[in-house]
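One structure is given below, encoded as structure tokens.
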Amino acid sequence: MLDAKLVVENPEPILRALARRGPAAAASLDGIQPVVARRRTLLRQTEDRRAQLKTASKNLGAFRDKASPEFAALREKLRADGDEIKALEAQLAEVEAELERQLLRVPNLPHESVPEGADSAANRVERVWGEPRSFDFEPQAHWDLGVKLGIVDFERAAKLAGPRFAVLLGAGARLERALIQFMLDVHVREHGYTEMMPPYLVNRSAMTGTGQLPKFEEDLFHVEPQDLFLVPTAEVPVTNFHADEVIEGPLPVKYVAFTPCFRAEAGSYGKDVRGLVRQHQFHKVELVKFAEPERSFEELESLTRDAEEILRRLELPYRVVTLCAGDLGFSATKTYDLEVWLPSQRTYREISSCSNFGDFQARRAKIRYRPGKGEKPRLVHTLNGSGLAVGRTWLALLENHQQADGSVRIPKALQPYFGGEVLAR
RNA sequence: GGAGAGAUGGCCGAGUGGUCGAAGGCGCCCGCUUGCUAAGCGGGUGUACGCCCAAAAGGUGUACCGUGGGUUCAAAUCCCACUCUCUCCGCCA
């Protein structure tokens, strides 16, 4: 959520920044100004009248003769005043709710370092690591390779759940588990993150805090009887872990959480229908940071490096791109995508998304910190990034490290976790 | 699922209709004192949103004692509903 005060006092730069995302984003600010103005007059009026009533009421309490007609008359007047104030308060509450409703649908402002552009074609490549391997045989797509190896089954998954689900079997399941363990160990032991296992179901308030609600409800799986949602990413429970709090300790606070992720992906049918790239359920190891505002962009750099480290150790060629303004997610002010090379598609595909959200989520979720002893709390900056999406790592590893005989080489760093050097039939 | 207890400031904890933003303590900050990192003394110490002020400092108003509603001129305090926490019983991976 943007700072309502800024929106009112200095709307031009905000409007300009939103316009970089596209016309719809800029339009989301329409109609907010008059609501803010109305709120201000109503608030002042209500508070003034309430102040009057309070003093009058105190005087009444001090009245000597509580049986006198003067007492009764004054009491009657105050009762009427009270009713009027209540009416004002009701109006005010309505206006404030309206303001909140509108503000919650305005996306974050793209940071100045974010490139112009409408879609992913305008994303800026920052760096490239590793080199796409040249094969002396025709590399197979993971859905062919995986099925032949007997480590993934899409058909039976469809039978028991539906499309966009997969069953991992044998060494495939073990590979998934090895990747999770490996990622967690690197981030905990070497990068200093605290491991967290959060709930996989969260309420509306948490989903609103990080920005999935109210705008993107159709992308979520809703669990009826309790009005809960399956988490689309660990970002939601982990960021909201500190909602409504003042963090007293030193920043940054860093968490890493492994969770399943559930995405309804409404409207995405027809895209990436084959294989493991786009599933309703997948595993992800997520990095989350709470940082000082002045340092949050440095923290974004180091968080991105932390995620990159996993790809390097798995010997997977990748590149880092900065999302352009038009491609940026709703809550983010700046995002680096890590894209891994996929031989079957001869292209780089997103495997991690590392974002700085500035104070956008912190304002929604009321997450603050104390800069120093006795100082006033300030909003933190929140960040997160996949470190990494496990399913996509699984498939990238299969495709990149496949061998002519249909087996898969396990990179050295993963061997102790996987328990072997080769994955073969 | 059944029975009971509770929810107050960073923490502990008092407060059953007005003088309560809320005693007291802890913690923290500032100052003084003290011949060693401790103790003592004095003062200060919530958040949000308005308004005044060129701004800061400061002043001032309103709200907030789990949440929402009600009674009353007036609610932390009375009434109703809900949520959460704890204890016991049942069930359960």
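- Surrounding CD of A:Glu421 are at most 12 heavy atoms belonging to other residues, nucleotides or ligands under 6.0 Å away.
- Look at the C1' atom in both B:C64 and B:A76: the space between them is 11 Å, to the nearest Å.
- Nucleotides B:C73 and B:G15 place their C1' atoms 24 Å apart, quoted to the nearest Å.
- Using atom C1' as the reference point in both B:A48 and B:G9, the two lie 14 Å apart (nearest Å).
- A:Arg39 comes within 4.0 angstrom of the backbone, heavy atoms only, and of no base.
- Not less than 6.0 angstrom separates the ring centroid of A:Phe262 from the ring centroid of A:His280.
- Nucleotide B:C36 has no partner under the Watson-Crick or G-U criteria, as no pair reaches both atom distances under 3.5 Å.
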> Where along nucleotides 68-73 of chain B does protein come under 4.0 Å, by heavy atom, of base (B) or sugar-phosphate alone (S), with - for untouched nucleotides?
Replying inline: -----B
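- Within the nucleic acid shown, A:Lys5 comes within 4.0 Å of sugar-phosphate atoms alone, with no base atom in reach, counting heavy atoms only.
- The same atom, C1', is picked in B:U83 and in B:U67; the two are 7 Å apart, to the nearest Å.
- Nucleotide B:U85 forms a pair with B:A5, judged by Watson-Crick or G-U wobble geometry with both contacts under 3.5 Å.
- With both ends at atom C1', the span from B:U45 to B:C11 equals 14 Å, rounded to whole Å.
- Counting non-hydrogen atoms of other residues, nucleotides and ligands closer than 6.0 Å to CD of A:Glu294 gives a total above 12.
- With hydrogens and angles disregarded, a donor-acceptor distance shorter than 3.5 Å links the side chain of A:His401 to the backbone of A:Leu314.
- Separation of the P atoms belonging to B:C88 and B:C30 is 46 Å when rounded to the nearest angstrom.
- Here the two rings, on A:Phe360 and A:His381, have centers that are 6.0 Å apart or farther.
- Comparing atom distances between the A:Arg368 side chain and each of B:G50, B:A48, B:U62 picks out B:A48 as nearest.
- Across all strands shown, A:Lys77 has no heavy atoms under 4.0 Å from either base or sugar-phosphate atoms.
- Classified by interplanar angle (parallel below 30°, tilted 30° to 60°, perpendicular above 60°), the ring pair A:His191/A:Tyr193 is perpendicular.
- Across the P atoms, B:C80 and B:A5 are found 14 Å apart, a figure rounded to whole Å.
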